[in-house]
There are 2 protein chains.
Amino acid sequence: MRYDVMCPRYEQAAQLLGKKWTNLILRILMGQPRRFGEFRQQVPELSERLLSERLRELEDEGIVRRVVADRRPVFVLYELTPKGQELEAVVRSIQTWANAWICIDGQSVRTARRR
Amino acid sequence: MRYDVMCPRYEQAAQLLGKKWTNLILRILMGQPRRFGEFRQQVPELSERLLSERLRELEDEGIVRRVVADRRPVFVLYELTPKGQELEAVVRSIQTWANAWICIDGQSVRTARRR
DNA sequence: CCGGATCCTAATGGATACTG
DNA sequence: CAGTATCCATTAGGATCCGG
């Protein structure tokens, strides 16, 4: 078997999930639709620029839908699409693995390599 | 519920899986232990520098074990640890999701946003 | 209230050459 | 055979300020 070609969708999915803040945003959305400002309250360390960028990426991927309520003041909701909802299985499998193999201290598992 | 803190292990796992070439390396290792040069044959586009870097990262995470056969010429095998083997469930869940939600063309799913 | 525009720095990845 | 070392281009992310 040759492995010269990657699955582009897999790559895209994995790289998206690996980006900073993405998983946090997804988790928050898994509970319920959220407004832009709610993310900021929930995660003060996440800047508006990155929040906006991540939401846009997820929207581009069809994982998140942006719903604009057309009244004043402007009111925007972000919610998971079906595609996004099915990501929950992935998120949980990563979490399960991480929980199972967590190590307590920050030490490397790797034994010293000879130089 | 507050989401001000991320699960560091989850983050680390997701970010590792999202790095370029990592998933390919894992897939190759899931079949059987491999030698350094075998990766290069299987994936010619992957440079020695990055291959070495990825393997080292996976080793540091305790996902891959580096086994040196002490005879001439030097002979090195990389193999999955139990921790690494259990990543297969994660890889498969990502693949399942990616397969289910693949789109054929390169077009964005997102409907145009008003500017 | 919901972002966009800018600027700057750090991290990532590719190419190439060299070594125990 | 199995890597390191170096250099460079691109990308990702944080900080800050501005606008409909």
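Each chain gets a letter, A, B and so on, in the order the sequences are listed, and its residues count up from 1.
- In the set C:dG4, C:dC2, C:dG14, the nucleotide with an atom closest to the side chain of B:K20 is C:dG14.
- A:R56 has no side-chain polar atom (N or O) that falls below the 4.0 Å cut-off from OP1 or OP2 of C:dG3.
- B:Y78 has a side-chain polar atom (N or O) that falls below the 4.0 Å cut-off from OP1 or OP2 of D:dG3.
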Tabulate atom names and distances for all N/O pairs under 3.5 angstrom spanning the protein and nucleotides 15-20 of chain D.
residue	atom	partner	partner atom	Å
D:dA15	N6	A:R49	NE	3.0

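- Separating the CG atom of B:L16 from the C1' atom of C:dT12 is a distance of 14 Å, rounded to the nearest angstrom.
- Remark: A:I28 pairs with A:R34, A:F39, A:Q42, A:V43, B:Y3 by the side-chain contact (heavy atoms from CB on, under 4.5 Å) rule, at least two apart or across chains.
- Atom pair B:E59:CD and D:dA2:C1' shows a separation of 13 Å (rounding to whole Å applied).
- Scanning for side-chain hydrogen bond (donor to acceptor under 3.5 Å, both in side chains) contacts around B:Q12 gives B:E61, with sequence neighbours left out.
- Between the P atom of D:dA2 and the CG atom of B:L46 lies a distance of 14 Å, rounded to the nearest Å.
- Computed from coordinates, the A:L58 CG to C:dG3 C1' distance equals 16 Å when rounded to whole Å.
- Shown here are the side-chain hydrogen bond (donor to acceptor under 3.5 Å, both in side chains) partners of A:Q85, two or more places apart in sequence or in another chain: there are none.
- Taking atom CG of residue A:L50 and atom C1' of nucleotide C:dG4, one finds them 13 Å apart after rounding to whole Å.
- Going from atom CD1 of B:I25 over to atom C1' of D:dG3 covers 14 Å, rounded to whole Å.
- In this structure, the CG atom of A:L51 is 16 Å from the P atom of C:dA5, given to the nearest Å.
- Contact annotation: A:K19 reaches the phosphate of D:dA12 (side-chain N/O to OP1 or OP2, under 4.0 Å).
- Rounded to whole Å, the distance from CZ on B:F75 to C1' on D:dG3 is 16 Å.
- Considering every non-hydrogen atom in both B:V68 and B:V74, the closest pair reads CG1-CG1, 4.4 Å.
- Between B:W21 and the phosphate of C:dT12, there is no side-chain N or O to OP1/OP2 separation shorter than 4.0 Å.
- Residues A:E38 and B:E53 both approach DNA chain C. Their nearest nucleotides, taken by heavy-atom distance, put A:E38 toward the 5′ side.
- Counting only heavy atoms from C-beta on, A:R66 has its side chain closest to C:dC2 among C:dC2, D:dT4, D:dA2.
- For B:R49, the side-chain hydrogen bond (donor to acceptor under 3.5 Å, both in side chains) criterion is met by B:E53, not counting sequence neighbours.
- Considering only heavy atoms from C-beta on, B:V76 stays 4.5 Å or farther from B:V67 through its side chain.
- For the side-chain hydrogen bond (donor to acceptor under 3.5 Å, both in side chains) test, no residue two or more places apart in sequence or in another chain qualifies with B:Q41.
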